[in-house]
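These figures come from a predicted structure and were not determined experimentally.
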Amino acid sequence: MRWNLEPWLAALLATVKLGRAQHVVDLAGDGWMVSSDALNISVPGRLPSQVHLDLLAAKVIASSKPSTPVTDVERNRRYYGLNDFHQRWICNSNWTYTSHPLQNLSSNAKSSWLVFNGLDTFTTIEICGRTVGTTDNQFRQYTFDISQALSTCKDAPTLRMNFGSAPKIADAIAREPNSEKWPESTQMVYEFPNRWFIRKEQSDFGWDWGPAFAPAGPWRDAYLVQFTRNESIFVVNTDLDIYRQGQINYLTPNQSQPWVVNASIDFIGSLPKNPAMSIKLTEVETGETLHTEELGNVSTCGQTITASFTVSPDSPKLWWPLGLGRQSLYNASILIQGSNGTTLAQVEKRTGFRTIFLNQLNITDEQLAQGIAPGANWHFEVNGKEFYAKGSNFIPPDAFWPRVTEERMRQLFDAVVAGNQNIVWASGAYLPDFIYDIADEKGVFLWSEFEFGDALYPTNQDFLENVVAEVTYNVRRVNHHPSLALWAGGNELESLELPLAKAASPQNYSFYVGQYEKLFISTILPLVYENSRSISYTPSSTNNGYLHVNLSASVPMVERYDNMTSGHYYADTDHYNYDSSAAFDFGTYPVGRFANEFGYHSMPSLQTWQQAVDPEDLHFNSSTVVLRNHHYPPGGTETDNLANPLKGMGEMTIAVERYYPIPHKNDSLEQFCAWCHATQLFQADMYKSEIIFYRRGSGLPERQLGSLYWQLEDIWQAPTWAGIEYDGRWKVLHYVARDVYQPIIVSSFWNYTTGDLSVWVTSDLWEQAKGTVNFTWVDMSGKPIAKNAGTPQSQPFTVGGLNTTKVYETKASKLEIPDPQNAILILSMSAKGRMPNTQNTTTFTHREKATLVWPNQIALVDPKIELKHDSPNNTFVLEARNGIALYTWLDHPAGVVGFFDDNAFTLVPGERKTVHFTVQKDDTGGKWRESVTVRSLWDQTTD
């Protein structure tokens, strides 16, 4: 595929045609050859692309060896078999992209430039046989003046881009005498080593959730720009910053102040003296003009032109995240003109008015009086209102970004919205604008990070200068998106890397802290603040906040680190514990202000495995399945290291055996399918346990206001922490998370060590809600237990805004239950309240179950589920005829992407449940409906 032109570029090209000031050649398309002289390979190529994709299209790869013929079926299987290991000859080689002779260039150009929006990663660029530039950063935009080189061409010019092997170059840098060294235990080696020396997507070198293909190629769009007159410009980047007057990144914005709109445009070419700038803001939905102005404070500095204006405080309609209000958007049209009124450039950006603030300020006296524990805040506030952040962690959706299409991302974000998520941690690579555009429309905040993680990084001058250009470009590029929530320096730096360094080399710990602060505080923080007044910054995704900020100091933010007081709360938390015996022990979960990572891995479904694995390998511990499990990662490039991934397989196995009926099917494929599903049941229940624990914390002294689980989706077909599989199929996790991310939920908390059972109602609304929780105890056949087991039939409640309340508590030993293995409590909640920024009252319902034994101890009966299809409406009617159906699971066949509006639910005899399926993509012509099946926990062990 090729990237869609942004609207501003389309408008600019139209202006160019009229003004005849520029001649722009889009280098995208099929006019390329990809070759390796050393391997004697030459195939047609594309731009944007990467070498693997062009070799795949040419049928050079798909099987394990480059010389093996492949079928069309194999060619279309992404990540086939063990290609993660077998295709490393590609990334260990150098490759050249050569254009066809470039036609239709201007014969009277004053100057000519190449503009690259993404080259991965080490590139030497030649035109007409002359080197015109080099690159060493996947995340930067590069421009090169090729005027002199073009003037020497005798024939139509040819462009060559020579890409070096990133793994080999990283190794070469590591071997240099002056390269920085760290204790080995601090640097997370997943497969290829030395990724921290180079500015390339770090997961390209392997991760515990993904493969190590280390691709190379022109992964973003590129242009050849010629200027036909001296006073002419080509826009390469735009920073549109909207903030409240007086706003400072780390302080609470004043919502009564006017809005400041600052437009700052980067260009190549040259401006005339005294250029003019004007701007027009129109509402996307209505087309109404909000503001139009010829700006009088235009300034030019180097290759940037800037001007600003103000908008009255209450004029714009605000942009809100999902569930908190409307996603009001505005088109900003920026016109740059010469002194004689000649149009030099027109920039079109879609934006929105909102403030988003990461509050890490100290707890106030007012908060203490409300019962909030002392310490510091750690939560988000939008438009001056704190809210509960519900979401997950978004990883790169593919190892090869050129095949990440807008269609795929719309399907994914539709699933995010359907999952009741209002924020997504987004890292691995800087996201393309079209993903931010989708998030803007859907109301999903994107917590964005600079691409550093699970390592300590160099701080030599060359490395820092490279980072400065990378950070500046990307902060300015995406700053206009209202969905942008935060910039973080990197992932697991303060919470993991610095403690590892301290343990490995305590005598050098202060040096490593100094390195960390030099890069993430002294270098990156000022760049964020200089280019955006609207976005907060934190040096590390998980941290304990800061003690104070002094922007004139050499280290402008003083981190708290371990300077904490007992009984105080400061931090966001992450939590991974692969001892499944503690999976449901609430006492082992961290208590903090915000949970930004937690999870446990599971297997993908059989349908997903079948996309990438041969039939003979579809069993739980086949070498192919095991080696595609990168938890735990191999720690090197060996292809026969089964020991580490077997540990991860063992963790999933033990978790299932500890809590769930062990699958026992006579058919090997059914057995594999049942085991895959069982690991998903454990994963979903564990995440649910943590989510309800964290959400309950919104009304407890920790004032916990965020829950983001690891991870949203998959980069390939393998065991991972994902809730959505590679092709868009929902795991049990995403259904369960959607259920417990509803605005008001009822939750049961069973302490299996003390026998305590409590029931809570938690609300994300901003106003008080009132309702009732009904309690119904039944046995597994669905018959009521006498006297309702001593539990009241119902309990009224009132829950405050962003709060929680306990509605019932008892000791399990006091309940009148003849047999705990044959008893289940059905909780039904109904409440009335108002959604934020609405006037009408809404009825909220939620249902939950509670048992006093683990699922493998329940006296299951065959529920005899009846499934009826209503094909024209994509609905399915279910009824349990004989008993309680636990974890009722509707499954759809391969060939269709979509989701049911409920799944993994409890079905009680006597009720008919109608479930609708939302189709996102259908390759079956509607035949999928005939193959929808249903099963429950009972079916896990029966043939």
Contact check, side chains of [X] and [Y], non-hydrogen atoms, under 4.5 Å:
X      : Y      : answer
Pro633 : Asn644 : no
Ser936 : Ile865 : yes
Ser747 : Val759 : no
Pro719 : Trp209 : no
Trp854 : Arg658 : no
Phe900 : His916 : no
Phe387 : Asn422 : yes

Polar side chain donor-acceptor pair, [X] to [Y], under 3.5 angstrom:
X      : Y      : answer
Gln611 : Asp727 : yes
Ser448 : Tyr436 : yes
Gln717 : Asp714 : no
Asp579 : Ser581 : yes
Asp617 : Ser622 : no
Tyr726 : Glu713 : no
Ser203 : Tyr190 : no
Trp401 : Glu201 : yes
Thr933 : Asp891 : no
Lys731 : Ser602 : yes
Asn882 : Asp862 : no
Tyr388 : Ser707 : no

Salt bridge check, [Y] against [X]: does any charged N sit closer than 4.0 Å to a carboxylate O?
X      : Y      : result
Lys647 : Glu651 : no
Lys665 : Asp943 : no
Asp84  : Arg628 : no
Asp739 : Arg847 : no

Restricting to pairs with a member in residues 681-696, which pass salt bridge (Lys or Arg N to Asp or Glu O under 4.0 Å), not counting sequence neighbours?
Lys688-Glu848, Arg695-Asp764
Check: [X] ring centroid to [Y] ring centroid under 6.0 Å:
X      : Y      : value
His52  : Phe213 : yes
Tyr589 : Phe598 : no
Trp889 : Phe905 : no
His677 : Tyr887 : no
Phe917 : Trp928 : yes
Tyr600 : Tyr687 : no
Tyr752 : Phe584 : no

Taking the six-membered ring for Trp, are Tyr660 and Phe682 parallel (under 30°), tilted (30 to 60°) or perpendicular (over 60°)?
perpendicular
Assign the ring pair His630 / Phe85 to parallel, tilted or perpendicular, where the plane angle (0 to 90°) is split at 30° and 60°.
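Ring orientation of His630 relative to Phe85: tilted.
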When rounded to the nearest 0.5 angstrom, what distance separates CG in Asp574 from CZ in Phe594?
12.5 Å
What distance separates Leu708 CG from Trp425 CH2, expressed to the nearest 0.5 Å?
10.0 Å
Which heavy atom in [X] sits nearest to a heavy atom in [Y], and how many Å separate them?
X      : Y      : result
Tyr741 : Gly391 : OH-O, 3.0 Å
Pro663 : Ala674 : CB-CB, 3.6 Å
Ser483 : Val444 : CB-O, 3.3 Å
Leu733 : Gly723 : CD2-CA, 3.6 Å

Does the ring of Phe876 carry Lys868 above it, NZ/CZ under 6.0 angstrom from centre and within 45° of its axis?
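Lys868 over Phe876 ring: no.
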Test ring pair (Phe, Tyr, Trp, His ring centres under 6.0 Å) on His619 and Trp675 and set out the steps.
CA-CA 9 Å; His619 53 93; Trp675 264 103; over 10 Å; no
Derivation and outcome, side-chain hydrogen bond (donor to acceptor under 3.5 Å, both in side chains), residues Ser392 and Gln421
CA-CA 8 Å; Ser392 54; Gln421 300 189 18; 2.7 Å; yes
